[in-house]
Engineer: 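Submitted below is the structure of interest, expressed as structure tokens.
Model, not experiment: these values are computed from the prediction. Every chain is numbered from 1, with letters handed out A, B, ... down the list of sequences.
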Number of protein chains: 2
Amino acid sequence: MRGRSLCPGVLCGPMNKIEPGIGISRRYLHDEVADRMRELIRSGEMEPKARINEGELTERFGISRTPLREAIKILATEGLLELLPNRGARVASISETELEEMMEVIAGLEATAGDLACRTITDGDIDAIETDHRAMVVAWKGGDEAGYFSHNRRIHEGIMAASRNTILSNIYESLSGRIQRSRYSAHQTPDQWARAVSEHEQMIELLRARDGAALATLMREHIRGKKPVIAANYGDAEGV
Amino acid sequence: MRGRSLCPGVLCGPMNKIEPGIGISRRYLHDEVADRMRELIRSGEMEPKARINEGELTERFGISRTPLREAIKILATEGLLELLPNRGARVASISETELEEMMEVIAGLEATAGDLACRTITDGDIDAIETDHRAMVVAWKGGDEAGYFSHNRRIHEGIMAASRNTILSNIYESLSGRIQRSRYSAHQTPDQWARAVSEHEQMIELLRARDGAALATLMREHIRGKKPVIAANYGDAEGV
DNA sequence: CCCGGTATGATTGTATTCAAAATTCATAGA
DNA sequence: TCTATGAATTTTGAATACAATCATACCGGG
């Protein structure tokens, strides 16, 4: 599911209009536009600091300025765009300190997820996480970086999902969406990796023990440990 | 006065920072409208489930539909409004389970704040918190409920501020803004109160010890302990 | 009397228009 | 040649116009 607004209640709705070929899409135009713009930003097609040209985008999307501008306001509220009075908007850039702040918040959200997950997670869920962990180790040893990131991500998302807290998940998704490019493409040194693997194993143990408080503390430290890695990568990837 | 738009959604980029020199605050109309609508919602003038009538509000604010609709999209992204396809919007109502989820997230955010605060908080800051704590106890003993809530709130906000993490603070502000009416008007039983006071004192101790991990755990439990109180009050205050 | 169908008005979603601010480009002056 | 000034063009912020959808009232039938 894509990054959507965090409001639990807002949904994009019951779609009831039948369109000729396919499905029933009763989405808002501005929502569709917001999704496409998020994708453009995430993919890097629209780079940080890049100005938004309304005329260009309306032509590209084949819509008028009204829904586009509504989408811009939404993305600005989400933090993906910055509004420049009388000069439109631009893709938000993240400063070093903002990135660090975001990492701490993400660490806190994951800690919360771990704590909550211990309440309702099933042994089967934990097994699935452990399976991903093993696959992650295999991928790393085999030099399969894409596989490594994929499994690592699944582990964290699995714990987040196990928290069974949609508000938490939405905030997490939105926040991590802003740094995803950095987060899942960072290179780790062997000892950073060894530490991460060890922490993952402790996480699984604490999940099995259903020790929420300890897991929360561990997860905070775990994410915190990744901070320097991501920060270093960020400098390379995004520049300033 | 809460003149800022908070982006709760997640994130908050400074939406509308006006830095250049003088205080020429040339705000967006939609921002101004969003602020006024937030106030209407918070004050209860617009109650949960109440439909938004664009015509009525455009007349009330003396603006056209365009900026109003942009403001509506913003508030929907923040979770304060729900969008109803082809039927406009209404003030969001919070279900019991949503309230519980939000309390857990808030607990996590406050735990994170406590953890971070231990890094940079000064003895003077801690003294200020302790002063508020004592004043809170006095207010409670004197039956001054408003004073009690005011000081309690200042304690929590003081720790949040001491985290020196604006992203964390913005998310916290936005989320707690959605339940404020419930949170700071709840009645506690004597033993609930005794526990809260005791926890506050432990919090101050842990702050002085700069023990972030322990403080995080305690704060999570502290907020969690307030959950039933707030939940009970919510049922009374908001109905369903 | 109650129920379902239809028509009318109201409200929303989107497009277009208007005016002000900003950017661009060329030119004049040092 | 370089800088600074200013008009023309572009782009934005807001208002208005148009079309589709929804809600309600009315009417006829059972």
Engineer: Report the residues that fulfil salt bridge (charged side-chain N to carboxylate O under 4.0 Å, His left out) with E45(B), sequence neighbours left out, ordered by chain and then residue number.
Structural biologist: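 Per chain and number, E45(B) pairs via salt bridge (charged side-chain N to carboxylate O under 4.0 Å, His left out) with R60(B).
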
Engineer: Can you list, in residue-number order, the parts of residues 57-66 of chain B that come under 4.0 Å of DNA chain C, counting heavy atoms only?
Structural biologist: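 Heavy-atom cutoff 4.0 Å gives R65(B).
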
Engineer: With sequence neighbours left out, what residues match N53(B) under side chain to side chain donor-acceptor pair (under 3.5 Å)?
Structural biologist: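 Per chain and number, N53(B) pairs via side chain to side chain donor-acceptor pair (under 3.5 Å) with no residue.
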
Engineer: Provide, to the nearest angstrom, the distance between the CZ atom belonging to R27(B) and the P atom belonging to dA14(D).
Structural biologist: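 Answer to the nearest Å: 11 Å.
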
Engineer: Roughly how far, to the nearest 0.5 Å, is the OG atom of S176(A) from the CZ atom of R153(A)?
Structural biologist: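 Here the rounded value is 7.5 Å.
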
Engineer: Find out whether R42(B) and L80(B) are in side-chain contact, i.e. whether some heavy atom of one side chain is under 4.5 Å from a heavy atom of the other.
Structural biologist: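 With C-beta onward as the side chain, the pair stays apart.
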
Engineer: If I take atom CG in residue L83(A) and atom P in nucleotide dG13(D), what distance separates them, rounded to the nearest angstrom?
Structural biologist: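 One finds 7 Å between P of dG13(D) and CG of L83(A), rounded.
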
Engineer: Send over the distance from E32(B) CD to dA14(D) C1', rounded to a whole Å.
Structural biologist: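 Spelled out: CD on E32(B) to C1' on dA14(D) is 14 Å.
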
Engineer: What is the distance, to the nearest angstrom, from the CG atom on L29(B) to the C1' atom on dA21(C)?
Structural biologist: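 Answer to the nearest Å: 16 Å.
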
Engineer: Return the value, rounded to whole Å, for the distance between atom CG of D31(A) and atom P of dG13(C).
Structural biologist: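 My rounded result for the distance is 11 Å.
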
Engineer: List in chain and number order the residues that pass salt bridge (charged side-chain N to carboxylate O under 4.0 Å, His left out) with R51(A), two or more places apart in sequence or in another chain; answer none if no residue qualifies.
Structural biologist: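 Partners of R51(A) under the salt bridge (charged side-chain N to carboxylate O under 4.0 Å, His left out) test: none.
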
Engineer: Indicate for each nucleotide in nucleotides 6-11 of chain C, in 5' to 3' sequence, whether protein heavy atoms under 4.0 Å reach the base (B), only the sugar-phosphate (S), or nothing (-).
Structural biologist: -----S

Engineer: Tell me every residue that passes ring pair (Phe, Tyr, Trp, His ring centres under 6.0 Å) with H222(B), counting only those two or more places apart in sequence or in another chain.
Structural biologist: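 Counting only residues at least two positions away or on another chain, H222(B) forms a ring pair (Phe, Tyr, Trp, His ring centres under 6.0 Å) with H156(B), H200(B).
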
Engineer: According to side chain to side chain donor-acceptor pair (under 3.5 Å), who are the partners of T166(B), at least two apart in sequence or on a separate chain?
Structural biologist: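 Scan of T166(B) (side chain to side chain donor-acceptor pair (under 3.5 Å), adjacent residues dropped) gives E101(A).
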
Engineer: Using whole Å, report how far CG of L68(A) lies from P of dA15(C).
Structural biologist: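 Rounded to the whole Å, the gap is 11 Å.
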
Engineer: List for me each residue that meets side chain to side chain donor-acceptor pair (under 3.5 Å) alongside T97(B), sequence neighbours excluded, and say none if there are none.
Structural biologist: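 For T97(B), the residues satisfying side chain to side chain donor-acceptor pair (under 3.5 Å) (neighbours in sequence not counted) are S95(B).
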
Engineer: For R224(B), check salt bridge (charged side-chain N to carboxylate O under 4.0 Å, His left out) against everything at least two apart and list the hits.
Structural biologist: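 Per chain and number, R224(B) pairs via salt bridge (charged side-chain N to carboxylate O under 4.0 Å, His left out) with D115(A), E104(B), E221(B).
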
Engineer: Roughly, in whole Å, what's the span from CG in L84(A) to C1' in dA21(C)?
Structural biologist: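 One finds 14 Å between C1' of dA21(C) and CG of L84(A), rounded.
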
Engineer: What is the distance, to the nearest angstrom, from the CZ atom on R69(B) to the P atom on dA15(C)?
Structural biologist: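 Whole-Å distance recorded here is 11 Å.
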
